[in-house]
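None of the values given here were measured: they were computed from a predicted structure. Numbering of residues begins at 1 and proceeds along the displayed sequence.
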Amino acid sequence: MNKIIIGMLHLLPLPGSPNYSGSLDDVLNRAKSDLENLLEGGLTKVNIENYGDIPFPKIPSSPITISSFTKIVTKLEQEFDFDFGIQVMRNDALSGMSIAHVTGASFIRVNVLTGAMIAEEGIVEGDARPLIELRKKLNSDVKVYADVLVKHAVPLGNQDLRLTAKATVERNMADGIIITGDITGEEAAVDDLINLKDEIDKPILVGSGINKDNVNNYLKYCDGVIVGTSLKENNMTNNPVSKENVREFIKVVKNNF
């Protein structure tokens with residue numbers, strides 16, 4: 001199978017965030033359980049995100065967030081054999097690259113690399129230059145996957161999807177782009193993939209709304225998918241990962257690709 005299939009590993013609230021339980025062991029144990037279910041279900045590539053740290057800051061994240069995130073990922077990497085990426089919410093690409101570099105991650109996800117979006121956190125701006133400079137300074141081969149007109153936000157001004165996508169890879173040096181629906185769990189527009197297919201010479205991923213019933217329709221037109229909600233118990237984003245849901249999803253993909 002030559003498609004990129006990435007499962008989401010949503011961390012519980014980390015120390016310093018409003019909903020933190022008071023026990024880092026709780027965060028780690030849930031992460032271990034979810035990761036085990038993802039891997040045993042048939043996934044090999046996972047994106048680790050501090051999804052529980054609402055409300056998200058814009059940037060930068062607090063030192064306690066970054067140190068806790070790094071500790072969790074380090075422990076997972078020591079115990080499990082898997083390929084993984086890092087996403088520090090809402091848009092802390094520098095911390096994401098730093099964690100990725102020291103823990104051995106292969107990629108990071110950046111919500112806004114190009115342009116500016118109006119989100120719940122306010123105006124979230126792209127700032128590719130310091131990220132690419134840091135990667136160069138570290139002599140790192142960590143890939144940058146960047147959302148284009150990301151979910152849970154609307155463009156500031158008249159940002160065209162095609163032009164923004166081209167700028168993201170050509171002028172801001174992303175290694176791939178991610179197309180999403182309007183919110184987590186909502187489907188992306190297949191027409192967007194079709195329109196971008198001949199415009200972008202880097203991988204195009206779909207980053208929301210993917211499930212076993214629609215995944216093959218998307219994989220006809222893109223290079224891979226990021227799947228989270230539909231792999232959870234009862235298809236609820238905040239629930240633990242369901243091993244059976246993962247197995248059913250991977251079976252559908254393997255039977256067709």
Give the table of side-chain donor-acceptor pairs shorter than 3.5 Å for residues 124-132, with sequence neighbours excluded, one pair per line with atom names and distance.
{"residue": "Arg129", "atom": "NE", "partner": "Glu133", "partner atom": "OE2", "Å": "2.7"}
{"residue": "Arg129", "atom": "NH2", "partner": "Glu133", "partner atom": "OE2", "Å": "3.2"}

Correct closest heavy-atom pair for Leu11 and Ala31 would be CD2-CB, 3.8 Å

The complete set of ring pair (Phe, Tyr, Trp, His ring centres under 6.0 Å) pairs with one or both residues in residues 34-60, sequence neighbours excluded, reads His10-Tyr51

Sorted by chain and number, sequence neighbours left out, side chain to side chain contact (heavy atoms under 4.5 Å, CB included) with Asn111 holds for Gln87, Met89, Arg90, Asn91, Arg109, Asp147, Val150

Residue set satisfying salt bridge (Lys or Arg N to Asp or Glu O under 4.0 Å) with Arg162, at least two apart, ordered chain then number -> Glu199

In this structure, CD1 of Ile4 is separated from CG of Asp223 (nearest 0.5 Å) by 6.0 Å

Those residues at least two apart in sequence (or on a different chain) that pass side-chain hydrogen bond (donor to acceptor under 3.5 Å, both in side chains) with Ser62 are Thr65

By side chain to side chain contact (heavy atoms under 4.5 Å, CB included), Ser230 pairs with (sequence neighbours left out) Asn211, Val227, Asn235

- Query: Any side-chain donor-acceptor pair under 3.5 Å between Thr180 and Ser208?
  - Reply: no

- Is it true that a side-chain atom of Asn37 and a backbone atom of Val241 form a donor plus acceptor pair closer than 3.5 Å? yes

Dump the intermediate steps for side-chain contact (heavy atoms from CB on, under 4.5 Å) on Val253 and Lys3, then the final yes or no.
CA-CA 9 Å; Val253 173; Lys3 298 291 185 177; 5.7 Å; no

Residue set satisfying side chain to side chain contact (heavy atoms under 4.5 Å, CB included) with Lys71, at least two apart, ordered chain then number -> Leu24, Lys75

Contacts of Phe84 meeting ring-ring contact (aromatic ring centres under 6.0 Å, His included) (sequence neighbours excluded), chain-then-number -> Phe82

Verdict with supporting geometry, Ile177 and Val169, side-chain contact (heavy atoms from CB on, under 4.5 Å): CA-CA 8 Å; Ile177 63 170; Val169 297; 3.6 Å; yes

Closest non-hydrogen atoms of Tyr221 and Ile194, given as atom of the first, atom of the second and distance, are CD2-CG1, 3.7 Å

Is there side-chain contact between Leu219 and Ile5, with heavy atoms separated by less than 4.5 Å? yes

With sequence neighbours left out, the residues meeting side chain to side chain contact (heavy atoms under 4.5 Å, CB included) with Lys212 are Glu248, Phe249, Val252

Run Val148 and Thr114 through side-chain contact (heavy atoms from CB on, under 4.5 Å) and show every step you take.
CA-CA 8 Å; Val148 176; Thr114 304; over 6 Å; no

Report yes or no: do Met8 and Ile210 belong to one cluster of Ile/Leu/Val/Met/Phe/Trp/Tyr joined by side chain heavy-atom distances under 4.5 Å?
-> no

All heavy atoms of Leu113 vs all of Asn172, minimum pair found to be CD2-O, 3.7 Å

May I have the list of side-chain donor-acceptor pairs in residues 136-145 shorter than 3.5 Å, sequence neighbours left out?
{"residue": "Ser140", "atom": "OG", "partner": "Val142", "partner atom": "N", "Å": "3.0"}

Note to self: What verdict does the side-chain contact (heavy atoms from CB on, under 4.5 Å) test give for Ile64 and Leu14, after you've listed the backbone C-alpha separation in whole Å, the side-chain angles of each residue and the deciding distance to 0.1 Å?
What the structure shows: CA-CA 8 Å; Ile64 189 61; Leu14 295 171; over 6 Å; no

*Within-4.5 Å side-chain heavy-atom neighbours: Ser242 and Lys232*: no

By ring-ring contact (aromatic ring centres under 6.0 Å, His included), Tyr218 pairs with (sequence neighbours left out) none

Between Ile108 and Ala93 the two heavy atoms that sit nearest each other are CD1-O, 3.9 Å

- Does a sphere of radius 6.0 Å around CG in Asp81 hold more than 12 heavy atoms from other residues, nucleotides or ligands, not counting ones at 6.0 Å or beyond? no

- Report yes if the side chains of Lys166 and Ile200 come closer than 4.5 Å at any heavy-atom pair, otherwise no. yes

What I want to check is whether the side chains of Thr237 and Thr229 have a donor and an acceptor closer together than 3.5 Å. yes

| said: Just so I know, are the side chains of Thr44 and Asp83 near enough to count as touching, which here means a heavy-atom distance under 4.5 Å? | reply: no

Taking the side chain as C-beta and beyond, is there a heavy-atom pair between Asp92 and Leu94 under 4.5 Å? yes

By salt bridge (Lys or Arg N to Asp or Glu O under 4.0 Å), Asp26 pairs with (sequence neighbours left out) none

